[in-house]
Amino acid sequence: MQVADIIAEYVVFLTLTDEDELNLDTAVKMTESLADHLEEMDKGFLRELVDAFPVIAEEYSGEAKEVVRNIAYSFYLEEALAADDPVRLAELAALRDARD
């Protein structure tokens, strides 16, 4: 939960900080870097993180709450967890298509 809290604060900052306060290119680079690090995590630990985001999202309000709730979706973390399971990847792709 503590690591999920840190990641959530980081993502909220990068996502919701006004462009006047944070260079957009820098925000994109940092978001991409975070995505790379998350995908490289141990699958068991990543599963715990994915499960923690909806729980800690309740500590936020408004747009920040939605950002935290959607971290796993935004960073394709379920897909990273299912990388070796083509059936699950197909299910996730269908869910993503329906959501988008």
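Atoms considered below: every heavy atom in the structure, side chains included; atoms not considered: hydrogens, waters and symmetry mates. Along the sequence shown, residues are numbered consecutively beginning with 1.
A search for side chain to side chain donor-acceptor pair (under 3.5 Å) contacts involving D5 returns nothing, not counting sequence neighbours. Looking at residues two or more places apart in sequence or on another chain, you find a salt bridge (charged side-chain N to carboxylate O under 4.0 Å, His left out) between E79 and R96. A search for side chain to side chain contact (heavy atoms under 4.5 Å, CB included) contacts involving E21 returns T17, D18, not counting sequence neighbours. Remark: E39 pairs with no residue by the side chain to side chain donor-acceptor pair (under 3.5 Å) rule, at least two apart or across chains. For E63, there are no side chain to side chain donor-acceptor pair (under 3.5 Å) partners at least two apart in sequence or on another chain. Qualifying side chain to side chain contact (heavy atoms under 4.5 Å, CB included) partners for S74, counting only residues two or more places apart in sequence or in other chains: N70. With sequence neighbours excluded, no residue forms a side chain to side chain donor-acceptor pair (under 3.5 Å) with Q2. Take A4 and apply the side chain to side chain contact (heavy atoms under 4.5 Å, CB included) test, not counting sequence neighbours, and it matches L49, A52, F53, I56. For the side chain to side chain contact (heavy atoms under 4.5 Å, CB included) test, no residue two or more places apart in sequence or in another chain qualifies with S61.
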#### Entry: Criterion side chain to side chain contact (heavy atoms under 4.5 Å, CB included) on Y60 and V67, from CA distance to verdict
CA-CA 9 Å; Y60 293 84; V67 167; over 6 Å; no
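At least one side-chain heavy atom of L14 sits under 4.5 Å from a side-chain heavy atom of L22.
Under a hydrophobic clustering in which Ile, Leu, Val, Met, Phe, Trp and Tyr are joined whenever their side-chain heavy atoms come within less than 4.5 Å, directly or via other members, Y76 and L81 fall into different clusters. A single hydrophobic cluster is not seen to contain both V28 and V11; linkage of ILVMFWY side chains at heavy-atom distances under 4.5 Å, directly or through other members, places them apart. Hydrophobic clustering (side-chain heavy atoms under 4.5 Å, transitive across Ile, Leu, Val, Met, Phe, Trp, Tyr) keeps F75 apart from L95. F45 is connected to Y10 through a chain of hydrophobic side-chain contacts under 4.5 Å among Ile, Leu, Val, Met, Phe, Trp and Tyr, so both are in one cluster.
Of all non-hydrogen atoms in L38 and L77, the two that sit nearest each other are CB-CD2, 3.8 Å. Annotation for A82 and L89: closest pair O-CG, 3.3 Å, computed over non-hydrogen atoms.
In this structure, the separation between CE on M30 and CG on N23 is 12.0 Å, given to the nearest 0.5 Å. Interatomic distance, D25 CG to E19 CD, rounded to the nearest 0.5 Å: 9.5 Å. To the nearest 0.5 Å, atom OH of residue Y73 and atom CG of residue L92 are 10.5 Å apart.
For the side chain to side chain contact (heavy atoms under 4.5 Å, CB included) test with V68, the passing option among V12, T15, V55 is V12; the others fail.
Evaluation of the side chain to side chain donor-acceptor pair (under 3.5 Å) test over residues 84-94, restricted to residues two or more places apart or in two chains, returns R88-E91. The stretch residues 41-55 participates, sequence neighbours left out, in these salt bridge (charged side-chain N to carboxylate O under 4.0 Å, His left out) pairs: R47-D51, R47-E78. For residues 64-76, every residue pair satisfying the salt bridge (charged side-chain N to carboxylate O under 4.0 Å, His left out) rule, not counting sequence neighbours, is listed here: E58-K65, E58-R69, E66-R69.
A donor-acceptor pair is defined here as one N or O able to donate and one able to accept, closer than 3.5 Å; such a pair exists between the side chain of T31 and the backbone of A27.
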